[in-house]
Amino acid sequence: MTTPSALAAVPGKRPRGILTTTCAVLLAVVLARPGWIPAAPGHLGSLTDTMLPWTALALPPLLAAALLRRSRTALTAVALPLALWPAAFGGTLTDKSAPGGDLTVVSHNVNQDNPDPQDTARRLLAAHADILALEELSPETAPAYERALAPAYRHHFRQGTVGVWSVYPLRDAHSLPIMPWSRALRATAETPHGPLTVYVAHLPSVRVHPTAGFTTAARDEALRRLTTHIRAEDAPRSLLMGDLNGSADDRALRPLTSRLASAQETAGAGFGFTWPSGFPVVRIDQILVGGVRATSAWTLPATRSDHLPVAATITF
């Protein structure tokens, strides 16, 4: 009778678990060196950066396949991504928040087709933010937010589809020309702890297209212009809030993330996914800080938008 081990040694027989081994090794390489994935074609690098946390879903099937094939080689190969994934994302899952903070900030893409802006405004008011940024306002919904938020916020500035509400006075507020229409602004909030330059932005959407790949050209161009404005001003204390249509791990956002720190990554717990609100798979709504420090970061309960609101406390 021919034993399984003998079969493995028969010339012409493929070693057991070779497909599992290959997949495990490739996954380990992606986890260890995601920068090796080329940006082109189709902005594949940005897509890989964005979806990298979800590679965890591949680990149980790979381990099960290696066990079923009873292949030591496959098991050894699967051990690589099993060790690399916690090394890459284990710190993200821990709670990095700290008590205290000088003020609370909230940002929310409210969805231009929001059927109940008054209810969304009430839910946002419950966060008691000192500075609130809203994106994807429309001519039809913006007046409803302005009326609902006016009692809590004496100061606000809206331009196009973005707006900022503040309990502190705002000065030097104006639109930032990052696109043909107004989707970014800046203002200086005169807080009791000193001036804070606030940027609010909504970058163009990205799509995954069967032939064009991860379409990011419009987003990346608006991002370049936004980064130019922020670098030119070089404010000592700055806060960028908005829907950036990209995760903080996306290499395309490095011109910003190399200058400003992600509140979620430095002071949050978990990935803080925000979109889509029903089952979030990626964090594209960001709070980035420079010259100040985030002490905690979290997502707020769902509103009638397709995005979850994001919040953070910051200290001077």
Side-chain angles (χ1 to χ4, degrees), residues 27 30-31 34 42-64 81 85-86 88-97 106-117 119-124 126-127 133-138 141 161 201-210 212-216 219 241-250 252-253 257 262-265 267-288 296-312:
L27 179 56
V30 170
L31 284 167
H43 301 280
L44 181 61
S46 284
L47 181 60
T48 301
D49 298 337
T50 300
M51 302 309 297
L52 202 59
W54 291 97
T55 55
L57 297 178
L59 298 177
L62 286 173
L63 179 59
W85 196 95
F89 299 110
T92 302
L93 301 177
T94 61
D95 185 356
K96 298 172 287 298
S97 63
V106 168
S107 177
H108 189 28
N109 179 325
V110 294
N111 186 358
Q112 65 179 359
D113 298 320
N114 192 315
D116 195 347
D119 179 70
T120 296
R122 284 194 295 269
R123 292 172 184 267
L124 294 172
L134 299 184
E135 305 88 48
E136 211 166 290
L137 298 165
S138 70
T141 62
T161 63
H202 182 192
L203 299 184
S205 299
V206 299
R207 297 285 186 270
V208 180
H209 192 274
F214 199 45
T215 57
T216 67
R219 181 203 65 179
M241 299 187 287
D243 175 3
L244 303 187
N245 271 302
S247 76
D249 295 321
D250 187 339
L253 267 63
T257 55
S262 163
Q264 181 65 27
E265 289 192 351
F271 293 102
F273 293 148
T274 62
W275 182 88
S277 58
F279 186 80
V281 298
V282 64
R283 182 183 178 91
I284 58 177
D285 302 274
Q286 308 291 349
I287 296 176
L288 306 179
S296 59
W298 64 99
T299 57
L300 295 174
T303 68
R304 301 297 293 275
S305 172
D306 56 341
H307 293 243
L308 293 180
V310 293

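In what follows, every heavy atom counts, from backbone to side chain, and hydrogens, waters and symmetry copies are set aside.
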Open item on the list: Applying salt bridge (Lys or Arg N to Asp or Glu O under 4.0 Å), can you list everything that pairs with D49, at least two apart in sequence or on another chain?
Closed with: R251

TODO: Kindly write out the residues that satisfy ring pair (Phe, Tyr, Trp, His ring centres under 6.0 Å) with W85, not counting sequence neighbours, or none if the list is empty.
DONE: F89

Task: Non-neighbouring partners of P60 that pass side-chain contact (heavy atoms from CB on, under 4.5 Å), sequence neighbours left out - done: none

Task: Nearest atoms (heavy-atom pairs only) where T299 meets V310 - done: CG2-CG1, 4.3 Å

Task: Heavy-atom pair of closest approach, residues K96 and E265 - done: CE-O, 2.8 Å

- [ ] To the nearest 0.5 angstrom, please state how far the CG atom of D285 sits from the CD1 atom of I287.
- [x] 9.5 Å

Open item on the list: Is the shortest side-chain heavy-atom distance between D243 and I284 below 4.5 Å?
Closed with: yes

Task: No-hydrogen, no-angle side-chain donor-acceptor test under 3.5 Å, T120 and N114 - done: yes

Task: Rounded distance (nearest 0.5 Å) linking atom OG of S107 with atom CD of E135 - done: 3.5 Å

Task: Contacts of type side-chain hydrogen bond (donor to acceptor under 3.5 Å, both in side chains), residue S247, not counting sequence neighbours - done: none

- [ ] Report the relative orientation of the aromatic rings in W54 and F273; use parallel for angles under 30°, tilted for 30 to 60°, perpendicular for over 60°.
- [x] parallel

Task: Value rounded to 0.5 Å, distance of CG in D250 from CG in L52 - done: 11.5 Å

Open item on the list: Can a donor-acceptor pair be found, under 3.5 Å and without considering hydrogens, that links the side chain of T50 to the backbone of S46?
Closed with: yes

- [ ] For residues L27 and T55, determine if any side-chain heavy atom of one lies less than 4.5 Å from a side-chain heavy atom of the other.
- [x] yes

TODO: Could you pull out all residues at least two apart from S305 that satisfy side-chain hydrogen bond (donor to acceptor under 3.5 Å, both in side chains)?
DONE: none

- [ ] Go through the structure and list residues passing side-chain contact (heavy atoms from CB on, under 4.5 Å) with E136, not counting sequence neighbours.
- [x] N109, N111, Q112, H202

- [ ] Specify the closest pair of heavy atoms between P204 and R219, including all atoms of both residues, with the distance to one decimal.
- [x] O-CB, 3.5 Å

Task: Which atom of L253 lies closest to which atom of G246, heavy atoms considered - done: CD2-O, 3.7 Å

- [ ] Considering non-hydrogen atoms only, spot the tightest contact between L300 and L308 and give its length.
- [x] O-CD2, 4.0 Å

TODO: Locate the shortest heavy-atom distance separating P309 from P301; write the atom from each residue and the value.
DONE: CD-O, 3.5 Å

Task: Heavy-atom side-chain contact between T257 and Q286 under 4.5 Å - done: no

TODO: Calculate, to the nearest 0.5 Å, the distance between atoms CG and OG1 belonging to L31 and T48 respectively.
DONE: 11.0 Å

Task: Side-chain heavy atoms of R304 within contact of D119, under 4.5 Å - done: yes

Task: Distance in Å, T303 OG1 paired with R123 CZ, rounded so as to fall on 0.5 Å steps - done: 7.0 Å

Open item on the list: A side-chain contact here means heavy atoms from C-beta on lying under 4.5 Å apart; do L124 and L134 qualify?
Closed with: yes

